[in-house]
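This chain uses plain numbering: 1 for the first residue, then up along the sequence.
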Amino acid sequence: MTKSTAKKRNQSNDVNGATLRQESKEEKMLDLLHEERKEREKIVLWRQPVTTLHYFVRESVCLTSEFSQRLLKWKKTVVICLVLFILAALAYKTEGPHQQGIGTLQKTLLWWGYWVGLGILSSVGLGTGLHTFLLYLGPHIAAVTLAAYECNSINFPEPPYPNDIVCPDEDTSKNVITMWTIISKVRIEAIMWGAGTAIGELPPYFMARAARLSGADLDSDDFEEIEELLHEKQSHPEEIGFLERAKIGVHNLVQKVGFFGILACASIPNPLFDLAGITCGHFLIPFWTFFGATLIGKAIIKMHIQKFFVIFIFSHHHVEQLVRLIGAIPSFGESLQTPFKTYLEAQKKKLHHKAGSNIPGEANLLSWIFEKVVIVMVVYFLLSILNSMAQKYHKRLCKTQHKKYMH
């Protein structure tokens, strides 16, 4: 009896010891991953230019090699795409009555593709993401709104619309411009941009899904951070900050609620939505559940909220009221008001030029500032892509070291 009891105690001690060693090993791995992420954050062009450029080139070579290998696996698909492309090019170059239809189709597809592409750039996860709503779609909606109220019409001559907006020659005195009228004019552009942002959320989903199905570790700093936060929440819940709680909230909402949780996260401006895609992929949520909810949320619900906001702000009476409020600022209100008034007057003059006539270009401080802001943001976006790719190569090196350590 005594020997049997002692044996059971030894077995229990062995199990407890193994459990403690496993927990200790997991904690050490989490600490190591945390240190590596801190080190990786320092690999940026303005801190370590030589290392960053070197890692960027190496990562570019790795990605090119991986892409080539994937193309070789899909030979039939590649051949079919090439044949279709050649046939389309021949139809495009061959003269005939079909050219008019091709021209209309080309114009429509290019316009839709332009907004889808801008939407993808906004959310695809390259670097910091390019804020194309603020730089392109928002200004386009604002320009259409101002023109609609000034011209009392949305039937702008094509061409020059959408490249340029001028008032129609027809009598518009009986027209009534409402918010819904303007929404109908920019609906396609907004939906295409929203669809692009939904497409841009797919890479994190597919990456997490592939890692889960293959049994490999997920190669994502965001997911590692979530695992650390969940571990920290269990051990030290009082040390979790607001942003960390928000990340855990998004993770739990998507995991527990499913379609409607994804829809809720996608329907509002949400910088943490990448976590939703990663969580959905990791827990093998069906593709159409994830993409359907994301598409509805971003292309329909969220885009209508953003359109309402921009159109409301740039409605004729609101813009004039804003300019008056700027002029009422003590001391320097008048000097601030002048460039806004000049810009609005110049825009109104441009609207009343006849379609096809040369519109005289007028230098304006606000236009100059906006152009420079666009250039700065695009340059920063490109630099962030460079930094991101360099950091990904650093992570490749770390994963290689982990494999050597495990063996």
Side-chain angles (χ1 to χ4, degrees), residues 32-70 116-136 196-211 216-229 243-244 247 250-251 269-282 294 373-402:
L32 177 63
L33 292 173
H34 182 71
E35 289 176 6
E36 288 175 352
R37 188 161 60 248
K38 290 292 184 184
E39 182 183 348
R40 192 153 50 246
E41 288 172 357
K42 296 177 183 177
I43 303 176
V44 290
L45 198 60
W46 42 89
R47 284 188 179 181
Q48 302 179 29
V50 177
T51 302
T52 304
L53 288 172
H54 174 68
Y55 282 3
F56 168 74
V57 172
R58 298 294 292 269
E59 179 66 14
S60 300
V61 172
C62 291
L63 291 176
T64 303
S65 175
E66 289 174 0
F67 181 70
S68 301
Q69 290 173 6
R70 288 176 183 174
V116 170
L118 288 176
I120 292 172
L121 284 176
S122 180
S123 64
V124 73
L126 290 172
T128 57
L130 187 63
H131 303 289
T132 52
F133 181 85
L134 294 176
L135 296 179
Y136 298 99
T197 62
I199 294 169
E201 300 294 352
L202 293 179
Y205 169 83
F206 283 125
M207 177 184 68
R209 184 180 177 85
D217 293 331
L218 181 57
D219 185 16
S220 169
D221 285 347
D222 288 331
F223 197 77
E224 286 176 4
E225 186 179 358
I226 279 291
E227 286 185 325
E228 289 180 18
L229 288 174
L243 181 61
E244 287 73 19
K247 290 180 178 180
V250 169
H251 176 273
N270 185 1
L272 305 177
F273 192 78
D274 275 356
L275 294 177
I278 292 170
T279 303
C280 289
H282 182 72
T294 305
V373 168
V374 170
I375 292 171
V376 169
M377 292 186 73
V378 169
V379 170
Y380 182 70
F381 171 64
L382 295 175
L383 289 176
S384 69
I385 292 175
L386 191 151
N387 292 333
S388 176
M389 289 180 66
Q391 291 169 3
K392 284 181 179 178
Y393 186 74
H394 176 269
K395 185 154 192 172
R396 284 180 189 267
L397 296 178
C398 293
K399 286 184 71 177
T400 303
Q401 292 175 356
H402 294 167

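Contacts of Val373 classified as side chain to side chain contact (heavy atoms under 4.5 Å, CB included), with partners at least two apart in sequence or in another chain: Ile369, Met377. Residues forming a side chain to side chain contact (heavy atoms under 4.5 Å, CB included) with Val379 (at least two apart in sequence, or on another chain): Ile375, Leu383. Tyr205 meets the ring pair (Phe, Tyr, Trp, His ring centres under 6.0 Å) test with Phe290; sequence neighbours excluded.
Distance alone, capped at 3.5 Å, places no donor-acceptor pair between the Ser388 side chain and the Ile385 backbone. Without hydrogens or angle criteria, Ser68 side chain to Thr64 main chain gives a donor-acceptor distance under 3.5 Å.
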Where do Lys392 and Cys62 land on the side-chain contact (heavy atoms from CB on, under 4.5 Å) test, with the steps shown first?
-> CA-CA 11 Å; Lys392 284 181 179 178; Cys62 291; over 6 Å; no
side-chain contact (heavy atoms from CB on, under 4.5 Å) evaluation trace for Leu45 with Leu53 = CA-CA 7 Å; Leu45 198 60; Leu53 288 172; 3.9 Å; yes
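The two atoms that bring Leu63 and Met389 nearest to each other are CD1-CE, 3.7 Å, heavy atoms only. Taking both residues in full, the closest heavy atoms of Thr132 and Gly119 are given as OG1-N, 4.3 Å, listed atom of the first, atom of the second, then distance.
Once rounded to the nearest 0.5 Å, the distance linking CG of Leu121 with OG1 of Thr197 reads 11.5 Å. Distance check, rounded to the nearest 0.5 Å: CZ of Arg70 to OG of Ser65 gives 10.5 Å. The OG1 atom of Thr294 sits 7.5 Å away from atom CG of Leu202, with the distance rounded to the nearest 0.5 Å.
Residue pairs meeting the side-chain hydrogen bond (donor to acceptor under 3.5 Å, both in side chains) criterion with at least one member in residues 43-60, sequence neighbours excluded: Arg58-Tyr393, Glu59-Arg396.
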